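Working notes, structure below.
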Protein chains: 2
Amino acid sequence: MTAKPGRPPRAAKDIKRMRDKIAEQAMQIFQQDGFDALSIRRLAREVGCSPMTIYAHFDGKPEILRHLWGAVLGQVFAKIAEQLQGVEAPELRLRLAAQCFVAHWLEHPDQFRMVFMSSGVVRSDVASFMSGAATIGHFQTFMDLVAQTSVPKGEVKIRTEALIMGMIGVALSCNTIRDYPWGDPAEITDIMVAGVLRA
Amino acid sequence: MTAKPGRPPRAAKDIKRMRDKIAEQAMQIFQQDGFDALSIRRLAREVGCSPMTIYAHFDGKPEILRHLWGAVLGQVFAKIAEQLQGVEAPELRLRLAAQCFVAHWLEHPDQFRMVFMSSGVVRSDVASFMSGAATIGHFQTFMDLVAQTSVPKGEVKIRTEALIMGMIGVALSCNTIRDYPWGDPAEITDIMVAGVLRA
DNA sequence: CACTATTTTGTAACGCGTTACAATTATTCC
DNA sequence: GGAATAATTGTAACGCGTTACAAAATAGTG
């Protein structure tokens with residue numbers, strides 16, 4: 001045997017196990033005590049390691065949050081899929097999905113804040129914080145829904161984007177500009193959907 | 001004279017002078033070195049007082065930022081007013097205003113971040129951070145523009161809100177979800193305007 | 001001037017995310 | 001077992017926003 005002496009590097013499965021444990025504990029803290037309770041020191045305590053070790057497994061807090069985003073978005077789109085059960089009309093499906101998407105963020109402002117507004121965590125340039133195939137894959141759900149409507153094929157992508165951006169804007173505005181007497185978010189969402197379908 | 005002995009409280013004009021000075025220096029730091037450079041300690045140094053004194057004049061950093069928001073939004077809407085000079089057609093006016101609004105935030109991501117994403121500064125519940133009559137007054141600009149179009153009177157408020165929210169969503173998405181191949185923001189804005197006008 | 005009341009400041013601290021670096025621990029090979 | 005190497009941890013620190021509290025400074029009256 002000519003293997004290198006000394007302690008071996010972490011095995012891939014050990015790395016994954018630890019990362020999953022960290023992400024899992026992060027999610028628990030978040031769900032039990034909210035976003036503000038999710039500090040690195042708190043997380044390290046729950047995991048049973050030192051804060052240093054967190055940084056050995058994740059580049060920093062934003063990367064941890066990215067894992068949580070995946071889980072949260074998974075929930076959102078699972079809920080949407082459930083809402084669409086047995087619904088056939090393409091435009092109704094799109095409308096229900098949009099309503100469901102916006103409603104979720106309004107019902108879970110802490111999640112919204114975590115997913116869409118976490119750039120404040122790092123005092124650096126606004127980072128891309130919704131990267132990942134999984135995230136973009138979820139956006140694909142809306143593009144599929146729009147594609148099934150009467151929207152011309154060449155317009156599907158850009159109209160879907162307008163809708164997604166619009167919905168995010170609804171959630172952001174209602175969650176953050178609280179002293180403005182906004183109208184009903186569901187109605188506003190409908191206006192956006194109607195606009196995307198007919199414009 | 002039966003005046004109370006001891007040092008008198010600050011006079012209203014002294015309070016205002018100091019607050020203005022703090023806000024002014026904050027804006028200078030922000031414009032020269034960006035949002036991240038705007039720390040309380042830096043600000044106190046520039047003003048020439050201790051960090052404690054900042055807190056004697058402002059409740060905290062968010063309140064200082066609110067002063068800056070007013071100035072930034074004033075710029076945005078002044079630019080919009082300039083763009084609309086000599087433009088008569090109501091729908092074109094709306095479209096240009098919307099384009100100008102979105103373009104501004106895309107050209108000034110640091111400003112966007114300051115105005116729309118500063119909740120991370122305070123580790124508390126998502127605060128209402130665009131309060132103030134001045135802010136809402138600026139939103140009124142869009143409502144007036146929509147009112148001049150063919151949108152039915154009873155629909156003006158809610159459609160304006162859909163547009164405002166949509167535009168904010170465009171800026172947020174383009175500024176933060178950078179690895180997604182978004183289409184042209186100007187085109188997306190046009191879709192939103194068209195949707196609001198015709199839906 | 002002394003006295004008084006308010007303002008400002010200094011000092012220290014908290015927890016935050018993060019980094020540097022050395023010591024300790026753990027795991028392998030020989 | 002010793003040696004080697006990687007992982008983990010302890011200690012300290014940085015600047016951040018913020019707070020507590022006492023000391024120092026200031027601005028007024030008599």
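Note that this is a predicted model, so its numbers are computed, not measured.
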Inset, instruction - Report the residue (B:Gly6 or A:Gly6) whose heavy-atom-nearest nucleotide on DNA chain D is the more 5′ of the two. - result: A:Gly6
Legend entry - Among C:dT11, D:dA4, C:dG17, the one nearest B:Met52 by side-chain distance: C:dT11
Inset, instruction - Quickly work out the A:Asp14 CG to C:dT28 C1' distance and round it to whole Å. - result: 14 Å
Inset, instruction - Could you tell me whether A:Glu63 and A:Arg19 make a salt bridge, using a distance below 4.0 angstrom between a side-chain N and a carboxylate O? - result: yes
Legend entry - Ion pair check, A:Arg198 and A:Glu91, cut-off under 4.0 Å: no
Inset, instruction - Please work out whether the ring planes of A:Phe139 and B:Trp182 are parallel, tilted or perpendicular, with thresholds of 30° and 60°. - result: tilted
Inset, instruction - Specify the separation, in whole Å, of atom CG of A:Asp36 and atom P of C:dC16. - result: 10 Å
Legend entry - First encountered from the 5' end of DNA chain D, between B:Pro8 and B:Ala37: B:Ala37
Inset, instruction - Look at the side chain of B:Ser50 and decide which nucleotide, out of D:dG28, C:dT9, C:dT27, has an atom nearest to it. - result: C:dT9
Legend entry - Separation of atom CD in B:Glu63 from atom P in D:dG17, rounded to whole Å: 15 Å
Inset, instruction - Rounded to the nearest angstrom, tell me the gap between atom CG in A:Leu43 and atom P in C:dG15. - result: 17 Å
Legend entry - Donor-acceptor pair present, B:Arg10 side chain and C:dT8 base, under 3.5 Å: no
Inset, instruction - Measure from the side-chain heavy atoms of A:Lys61 and tell me the nearest of D:dT8, D:dA7, C:dC16. - result: C:dC16
Inset, instruction - Give one of base, sugar-phosphate or nothing for B:Leu38, where a contact means two heavy atoms less than 4.0 Å apart. - result: sugar-phosphate
Inset, instruction - Starting from C1' on D:dT9, measure out to CZ on A:Arg45 and report it in whole angstrom. - result: 16 Å
Legend entry - Note: A:Asp20-A:Arg17 ion pair, threshold 4.0 Å (strictly below): no
Inset, instruction - Quickly work out the A:Ile64 CD1 to C:dT18 P distance and round it to whole Å. - result: 8 Å
Inset, instruction - Answer yes or no: does a side-chain N or O of A:Thr53 lie under 4.0 Å from OP1 or OP2 of D:dT9? - result: yes
Inset, instruction - Could you check how far CD1 of B:Ile15 sits from P of C:dT6, rounded to whole Å? - result: 13 Å
Legend entry - A:Arg113/A:Asp36 ion pair, N-O < 4.0 Å: yes
Legend entry - Distance in angstrom units between B:Met18 CE and C:dT9 C1', rounded: 12 Å
Legend entry - Proximity to the side chain of B:Tyr55 - top-ranked nucleotide from D:dC16, C:dC16, D:dT19: D:dT19
Legend entry - Options D:dT29, C:dT27, C:dC16, nucleotide nearest the side-chain atoms of A:Ser39: C:dC16
Legend entry - From C:dT27, C:dT7, C:dG10, nucleotide with atom closest to B:Pro9 side chain: C:dT7
Inset, instruction - Report yes if the distance between the aromatic ring centroids of A:His104 and A:Phe112 is under 6.0 Å, otherwise no. - result: no
Inset, instruction - Just compare D:dG10, C:dT25, C:dT18 and give me whichever is closest to any side-chain atom of A:Arg7. - result: C:dT25
Legend entry - Selected nucleotide, minimal atom distance to A:Arg41 side chain, candidates C:dT4, C:dT18, C:dT27: C:dT18
